[in-house]
Colleague: 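Pasting a structure here, questions to come.
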Amino acid sequence: MSSCRVLARTRTAALLTSRIPVPSPAARSLPRLVRFQSTQSSYENILVSAPKPGVGLITLNRPKALNALSSALFVELNDALKKFEEDKEIGAIVLTGSERAFAAGADIKEMAPLTFSDAYVNNFIAPWSYLTTLRKPVIAAVSGHALGGGCELAMMCDIVYSTKTANFGQPEIKLGTIPGAGGSQRLTAAIGKSKAMELILTGNNFSGEDAEKHGLVAKAFDGGHQEVLQGAIDTAAKIASYSRVAVIAAKEVVNKSQDLGIREGVEYERRIFHSLFGSQDQKIGMKAFAEKKKAEWSHS
């Protein structure tokens with residue numbers, strides 16, 4: 001066998017091992033944990049699964065530390081997010097924790113000894129925002145504590161679901177510091193200046209039920225962790241069933257509304273709307289609608 005054929009087969013095998021297995025119909029009702037091939041032998045701080053076709057699930061998994069966020073955790077999280085972003089079979093991502101904690105905050109033991117020079121030169125905490133660069137939608141399923149960095153991580157997601165008893169907050173003021181991963185900006189954008197100022201200056205916590213009233217959470221569930229997780233997975237599966245092209249465009253224009261005034265935003269939206277008439281999926285979708293058939297998306 002020639003060296004070219006050997007190389008081609010090796011590359012094919014590598015691609016296949018890096019794919020996320022699609023669960024069989026019998027197994028789709030329950031999340032199935034799988035491991036990615038990575039620069040590490042396996043993830044130590046997260047679990048990765050594919051609970052439904054088109055849906056990627058990442059579970060923070062530091063139970064003894066209530067999923068406290070560390071640099072090591074974010075190396076793994078960002079690696080998994082990147083792989084889901086690149087996988088053509090995945091249309092939406094769910095990020096969750098445990099019944100007790102989505103993430104109880106940043107790992108204070110890691111942060112406490114830092115000096116200004118350490119934090120500034122190494123751009124500490126900047127990699128935590130990688131999630132916000134993804135084009136695929138990410139849904140947070142929050143139970144238990146989502147405090148400090150945990151609250152910030154949830155707010156980085158495109159949609160937030162929680163239990164009514166979930167515990168949100170930005171308590172950094174109690175530690176002699178302030179939110180550093182976007183908390184002051186995203187919380188203010190979500191619930192308004194006055195309420196965000198009160199919460200950040202007092203360090204007071206607020207429930208998932210209050211978060212829904214404030215507009216921070218899209219839906220607060222009466223039940224526990226499994227109910228909110230299933231709700232997030234179901235929504236992710238619905239999103240994943242649509243045209244990838246249209247979903248990416250929809251996420252883009254909603255996010256752009258946070259940066260532009262209403263007139264500029266509407267003009268931007270219109271340009272993206274016009275551009276979709278160059279996609280195959282626009283033709284497929286409108287033809288299927290006219291013929292009263294189910295659209296079979298090409299994602300192109």
Colleague: Starting from the C-alpha separation in whole Å, work towards a yes-or-no answer on side chain to side chain contact (heavy atoms under 4.5 Å, CB included) for L60 and T96.
Modeller: CA-CA 6 Å; L60 305 182; T96 194; over 6 Å; no
Colleague: Return the minimal non-hydrogen interatomic distance between A295 and G285, and the atom names on each side.
Modeller: CB-CA, 4.3 Å
Colleague: Grab the two heavy atoms, one from A141 and one from V228, that are nearest each other, plus how far apart they are.
Modeller: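 The answer is CB-O, 4.1 Å.
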Colleague: Apply side chain to side chain contact (heavy atoms under 4.5 Å, CB included) to the pair K195 and L199, showing each step before the final yes or no.
Modeller: CA-CA 6 Å; K195 192 63 181 179; L199 291 169; 4.3 Å; yes
Colleague: Going through the distances and angles, do M156 and S129 end up as a side chain to side chain contact (heavy atoms under 4.5 Å, CB included)?
Modeller: CA-CA 7 Å; M156 291 180 202; S129 297; 4.0 Å; yes
Colleague: Using a 4.5 Å cut-off on heavy atoms from C-beta on, say whether the side chain of V160 contacts that of M155.
Modeller: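 Contact flag for M155/V160 side chains = no.
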Colleague: What residues form a side-chain hydrogen bond (donor to acceptor under 3.5 Å, both in side chains) with K219, not counting sequence neighbours?
Modeller: none
Colleague: Using a distance-only test with no angle check, is there a side-chain donor-acceptor pair under 3.5 angstrom linking S298 and D281?
Modeller: yes
Colleague: Hey, any chance L153 and F124 share a hydrophobic cluster, counting ILVMFWY side chains that come within less than 4.5 Å of each other, even indirectly?
Modeller: yes
Colleague: Same cluster for L131 and I248 if Ile/Leu/Val/Met/Phe/Trp/Tyr side chains link at under 4.5 Å?
Modeller: no
Colleague: Roughly how far apart are L66 CG and S98 OG, rounded to 0.5 Å?
Modeller: 7.0 Å
Colleague: If you define the side chain from C-beta out and look only at heavy atoms, does anything of I200 sit under 4.5 Å from S184?
Modeller: yes
Colleague: Are F277 and F273, when compared by the centres of their aromatic rings, separated by less than 6.0 Å?
Modeller: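 For F277 and F273, the ring centres are under 6.0 Å apart.
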Colleague: Using the rule that two of Ile, Leu, Val, Met, Phe, Trp, Tyr join whenever any of their side-chain heavy atoms come within less than 4.5 Å, decide whether V48 and L134 are in one cluster.
Modeller: yes
Colleague: For residues 220-244, which residue pairs pass the ring pair (Phe, Tyr, Trp, His ring centres under 6.0 Å) check, not counting sequence neighbours?
Modeller: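 Residue pairs with at least one partner in residues 220-244: Y161-F221.
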Colleague: If you take all heavy atoms of A249 and I272, which pair is closest and at what distance?
Modeller: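 For A249 and I272, the tightest heavy-atom pair comes out as CB-CG2, 3.7 Å.
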Colleague: Checking the side chain of S49 only, and the main-chain atoms of P51 only, is there a donor and an acceptor separated by less than 3.5 Å?
Modeller: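 Checked: no pair found.
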Colleague: Any heavy-atom pair between the side chains of Y268 and R271 that's under 4.5 Å?
Modeller: yes
Colleague: Apply side chain to side chain contact (heavy atoms under 4.5 Å, CB included) to residues V94 and V138 and explain how you reach the verdict.
Modeller: CA-CA 6 Å; V94 174; V138 183; over 6 Å; no
Colleague: Would V253 end up clustered with V266 when hydrophobic side chains under 4.5 Å apart are linked, directly or stepwise?
Modeller: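 Different clusters.
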Colleague: As a test of understanding, state which of V142, L77, T59, I46 forms a side chain to side chain contact (heavy atoms under 4.5 Å, CB included) with L95.
Modeller: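 That would be L77.
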Colleague: Does L47 offer a backbone N or O that forms a donor-acceptor pair with the side chain of N61 under 3.5 Å?
Modeller: no
Colleague: Please say yes or no: joined through hydrophobic side-chain contacts below 4.5 Å, possibly via intermediate residues, are V245 and V247 part of one cluster?
Modeller: no
Colleague: Looking only at non-hydrogen atoms, find the nearest pair between G223 and T163 and report the distance.
Modeller: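 Nearest heavy atoms, G223 then T163: O-CG2, 3.5 Å.
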Colleague: Answer yes or no: does atom CD1 of I108 have more than 12 heavy-atom neighbours from other residues, nucleotides or ligands under 6.0 Å?
Modeller: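 Check passes, neighbour count above 12.
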Colleague: Would you say W128's side chain and F74's backbone share a donor-acceptor pair under 3.5 angstrom?
Modeller: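 Side chain of W128 to backbone of F74, a donor-acceptor pair under 3.5 Å: no, none is there.
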Colleague: Under 3.5 Å, is there a donor-acceptor pair between the side chain of E99 and the main chain of G144?
Modeller: no
Colleague: Identify the heavy atoms of G180 and E152 that sit nearest to each other, and give their distance.
Modeller: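 For G180 versus E152, the nearest heavy atoms are N-OE2, 3.3 Å.
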Colleague: How many angstroms lie between CD1 in I284 and CH2 in W297, if you round to the nearest 0.5 Å?
Modeller: 7.5 Å
Colleague: Examine distances only and state if a side-chain atom of Q170 and a backbone atom of P179 form a donor-acceptor pair shorter than 3.5 Å.
Modeller: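 Pair absent, no side-chain N/O of Q170 close to backbone of P179.
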Colleague: Sub-3.5 Å donor-acceptor pair from the side chain of H299 to the main-chain atoms of R244, do we have one?
Modeller: yes
Colleague: Looking at E264, I'd like to know if its CD atom is crowded, meaning that more than 12 non-hydrogen atoms belonging to other residues, nucleotides or ligands lie closer than 6.0 Å.
Modeller: yes
Colleague: For K82, give me all partners under salt bridge (charged side-chain N to carboxylate O under 4.0 Å, His left out), at least two apart in sequence or on another chain.
Modeller: E86
Colleague: Does S257 use its side chain to pair, donor to acceptor, with the backbone of V254 at less than 3.5 Å?
Modeller: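 A pair under 3.5 Å: yes.
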Colleague: Using a 4.5 Å cut-off on heavy atoms from C-beta on, say whether the side chain of M197 contacts that of T188.
Modeller: no
Colleague: Taking only Lys NZ, Arg NE, NH1 and NH2, and the carboxylate oxygens of Asp or Glu, determine whether E291 and K287 approach each other closer than 4.0 Å.
Modeller: yes
Colleague: State, without any angle test, whether S71 and E110 hold a side-chain donor-acceptor pair at a distance under 3.5 Å.
Modeller: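 S71 vs E110: donor-acceptor pair found between side chains.
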Colleague: So, N78 side chain and P127 main chain: donor-acceptor pair closer than 3.5 Å or not?
Modeller: yes
Colleague: What is the distance from atom CD of E85 to atom CG of L81, rounded to the nearest 0.5 Å?
Modeller: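 Result: 8.5 Å between the selected atoms.
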Colleague: Donor-acceptor pair, distance only, cut-off 3.5 Å: does the side chain of K136 make one with the backbone of I90?
Modeller: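 The answer is yes, because a donor-acceptor pair under 3.5 Å joins these two groups.
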Colleague: Could you give the distance from CG (D158) to OG1 (T235), rounded to the nearest 0.5 Å?
Modeller: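 If we round to the nearest 0.5 Å, D158:CG and T235:OG1 are 12.5 Å apart.
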Colleague: When rounded to the nearest 0.5 angstrom, what is the spacing between CZ in R135 and CD in E252?
Modeller: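 Spacing of CZ (R135) from CD (E252) equals 6.5 Å.
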Colleague: Does E76 use its side chain to pair, donor to acceptor, with the backbone of N45 at less than 3.5 Å?
Modeller: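 Yes.
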Colleague: Provide the closest heavy-atom pair for G208 versus S162 in the form atom of the first, atom of the second, distance.
Modeller: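 Here G208 and S162 meet closest at CA-OG, 3.5 Å.
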Colleague: Salt bridge (Lys or Arg N to Asp or Glu O under 4.0 Å) between K83 and D79: does it pass, once the steps are laid out?
Modeller: CA-CA 6 Å; K83 286 182 168 64; D79 184 63; 3.1 Å; yes
Colleague: Quick check for you: to the nearest 0.5 Å, what is the distance between H145 atom NE2 and L147 atom CG?
Modeller: 6.5 Å
